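Just below is one structure, and these are the notes that go with it.
Order of appearance sets the numbers: ligands from 1, and atoms from 1 within every ligand. Computed from a predicted structure; not experimentally measured.
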Amino acid sequence: MKNRIAAGGIAAILFGLCAHAAANTQLDAATRQNAHDIFKQLIEINTTDSVGSTTVAAQAMAKRLLDAGFPKTDVVVLGPNDRKGNMVARYRGKSGSKLKPILIIGHLDVVEAKREDWSTDPFQFVEKDGYFYGRGTQDMKDSDAIAVTDFIRMKKEGYVPDRDIILALTADEENGKSNGVDWLLKNHRELIDAEYALNPDSGGVRPDKPQIVGFEATEKLYGDFQVLATNPGGHSSLPTPDNAIYHVADALTALQKWTFPFELNPVTREYFMQMAKIETGQTAADLRAILGKSPDAKAVERLSQDTHMNSVMRTTCVATMLSGGHAPNALPGRAEANVNCRIFPGHSQEEIRLQLVKLFNDPKLNVRYRSDTGELSDHGSDRKAMAPPPLRDDVMNSLRSVSGKLWPGYVVLPVMEAGASDSIYTMNAGIPSYGICGVAVERADDRAHGRDERLKIDAYYTGVEFYYLFLKALTTPAG
Ligand SMILES: [Zn+2]
């Protein structure tokens, strides 16, 4: 997930990035070794934006596939420059198949990591106390390695899927200006065009109660807004009632007291329905009470006390930065705050900006949209967060059946991600995208982007088994 939003990811918060292994996964020795070696190789190639190269990682993965017998024409490394390469590999399905391919996307880049912050070298693959340590062990070189391993495993078996499966390992999801999914869609759409996409960068398995296999079916839209007041200023011994700091403070106080209306979409409805089965007592009753034709306001209010629930129920906006004034003894000429919003699908940034303007109701304030790159504009994008894709029966049934094998008793649950992943690009390109990750991380052990990032060794190998079984379930013709 993206650097700036990872902490807000529902999947990350509720489910861990992906958790704790189920028992008895029996991988054959060759697959296990291959899975280990590929993971180690990826971790030890630095793919940070500052000094790393996704091209080196892309080429290493391409070589693995070519060595395993994939034809040269089906494995390519390409990108906008020599440091931001992406790998695209096509696993050929039955010849003459009329079915459109399935696309798997995984980002190769990782967040920066400093040696002095870590107990071990973040770019060394260290095995210790039942864990693999290294930058990217959770986000998301684990899933990249799993996909490559399973491509090789299926190829060696001679497995022929009922359609092509495409794997795109890409640059700049976390940082940087060369997002690989975006670049591929704009420049080589034909290489990755698909009926739907799987993105293991979100979703995840939670082994502690409630035991859940979460998959991301929709995402909120991210939006930053600058709230700015300016004044002529002056000497602080002659205060005036009109003060830039007070204008901004009043606006933020209004924001604190404001809640956006409760909303539902097919994904959150299913989520709350499943949660009602898991939860007990008042919470379970409240969950049922918000799903009816006229949601019970008291139930909405009680559930909103839980920050995770609240984030799934509505658009949220919160003050995240504040500055103003230039001297202790001067009236402030300027004060500004950043308001960070996570917008419920179906609304645009501009719609939310106008709502903030209305809420603040202060002509002295300027509310401007702040883009990803920091530019300010008087108008946010009118693009709405994509409506959730349909929960396809084939994907859902395969996910339920494979999850049932690896994690018996776990509830399979759709989630709306409060953060953003590369699925935003595939979704906007009209490719329904599902965040499905078979690697389990305990909630307390979510270290993506943090120090001493690590993954349980068992969880990793279970993940190898998960995607293998899952891809086969998706691409084995019935009967
Ligand atoms: Zn990620």
| query | What is the name of the N/O/S atom in Asp139 that sits closest to the Zn ion (ligand 1)? | reply |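 So the atom name we want here is OD1.
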*N, O or S atom within Asp201 nearest to the Zn ion (ligand 1), by name*: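 Relative to the Zn ion (ligand 1), the closest nitrogen, oxygen or sulfur of Asp201 carries the name OD1.
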Can you find a pair of side-chain heavy atoms, one from Val312 and one from Phe272, that are under 4.5 Å apart?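 Yes, close enough: below the 4.5 Å cut-off.
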**Prompt:** Is Glu173 close enough that one of its N/O/S atoms sits under 2.8 Å from the Zn ion (ligand 1)?
**Reply:**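 Here the distance criterion (N, O or S atom, under 2.8 Å) is not met by Glu173, so no.
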Can a side-chain donor-acceptor contact be found between Arg353 and Tyr369 if the only test is distance below 3.5 angstrom?
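Note: Tyr369 and Arg353 side chains miss the donor-acceptor criterion.
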- request: Establish, from distance only, whether the side-chain atoms of Ser433 and Thr426 form a donor-acceptor pair under 3.5 Å.
  value: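 Looking only at side-chain atoms, Thr426 and Ser433 do form a donor-acceptor pair, the distance falling under 3.5 Å.
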Check: Between CG of Asp37 and CG of Leu42, what distance do you get to the nearest 0.5 Å?
Finding: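 Atom-to-atom, Asp37:CG and Leu42:CG are 11.5 Å apart.
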